[in-house]
Amino acid sequence: MRLPEGYRIEEVGDEVRALKRPNGYMLAAFGRGVNSENIQQVAVADKRFLKAKDLDGKFGLGGDPESAFMFSEDVRTARQEYLMALEAAYRE
């Protein structure tokens, strides 16, 4: 499985794998039956979400109203993509 840089999978017991962010925060737990590709998609979507939040924090608040709106929309879209990837992983 090719996870984004810093993301990792840790074994938790016999049947559970935990997906962790680069800072060690446990993002999600998956059973053994979850497809590795789906876990990878969750990590990629989370990385996009964190990047969007970072850019929003740096440029959204201090910028003009149009920029602030654009960055907040990017965060909202990235969050939705993350949640959809997570839902897809759990459905299988």
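It should be emphasised that the depicted structure is a prediction, and the values quoted were computed from it without experimental measurement. Values below: all heavy atoms of this structure, side chains included; hydrogens, waters and symmetry mates excluded.
- Cluster annotation: Leu3 and Tyr82 are assigned to the same hydrophobic cluster (Ile/Leu/Val/Met/Phe/Trp/Tyr, side-chain heavy-atom contacts under 4.5 Å, transitive).
- Connection of Ile39 to Leu83 is established within a shared hydrophobic cluster, with ILVMFWY side chains joined at heavy-atom distances below 4.5 Å, either directly or through further cluster members.
- Within the 4.5 Å cutoff, the side chain of Leu27 has no heavy atoms near those of the Lys20 side chain.
- In the displayed structure, Met1 atom CE is contacted under 6.0 Å by more than 12 heavy atoms of other residues, nucleotides or ligands.
- The line from OG1 of Thr77 to CZ of Phe49 is 11.5 Å long, rounded to the nearest 0.5 Å.
- For Phe30, the ring-ring contact (aromatic ring centres under 6.0 Å, His included) partners at least two apart in sequence or on another chain are Tyr90.
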Mind running side chain to side chain contact (heavy atoms under 4.5 Å, CB included) on Val42 and Asn38 for me, showing each step along the way?
-> CA-CA 6 Å; Val42 170; Asn38 288 347; 5.7 Å; no
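- Other cluster members for Val12: Val16, joined by side-chain heavy-atom distances under 4.5 Å among Ile, Leu, Val, Met, Phe, Trp and Tyr.
- Met26 and Tyr7 are not part of a single hydrophobic cluster, where members link through side-chain heavy atoms under 4.5 Å apart.
- Counting only distance, with no hydrogens or angles, the side chain of Arg2 and the backbone of Gln40 share no donor-acceptor pair below 3.5 Å.
- By the 6.0 Å contact criterion, NZ on Lys53 is open, its count of non-hydrogen atoms from other residues, nucleotides or ligands being 12 or less.
- Using a 4.5 Å cut-off between side-chain heavy atoms of Ile, Leu, Val, Met, Phe, Trp and Tyr, with links allowed through other members, Leu19 and Val44 fall into different hydrophobic clusters.
- Between Glu10 and Arg17, no side-chain nitrogen of the basic residue sits less than 4.0 Å from a carboxylate oxygen of the acidic one, so the salt-bridge criterion is not met.
- In this structure Asp74 satisfies the side-chain hydrogen bond (donor to acceptor under 3.5 Å, both in side chains) test with no other residue, sequence neighbours excluded.
- Taking all atoms of both residues into account, the shortest heavy-atom contact from Glu5 to Pro22 is O-CG, 3.8 Å.
- Residue Arg76 holds its CZ atom at 10.0 Å from CG of Asp56, rounded to the nearest 0.5 Å.
- A salt bridge links Glu11 with Arg32: the distance from a Lys NZ or Arg NE/NH1/NH2 to an Asp or Glu carboxylate oxygen falls below 4.0 Å.
- In this structure, Leu55 is not a member of the same hydrophobic cluster as Val75, with clusters built from ILVMFWY side-chain heavy atoms closer than 4.5 Å.
- Atoms CZ and CG, from Arg91 and Asn35 in turn, are 15.5 Å apart once rounded to the nearest 0.5 Å.
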Show the numbers, then the answer: is there a side chain to side chain contact (heavy atoms under 4.5 Å, CB included) between Glu66 and Met70?
-> CA-CA 6 Å; Glu66 288 180 24; Met70 179 185 70; over 6 Å; no
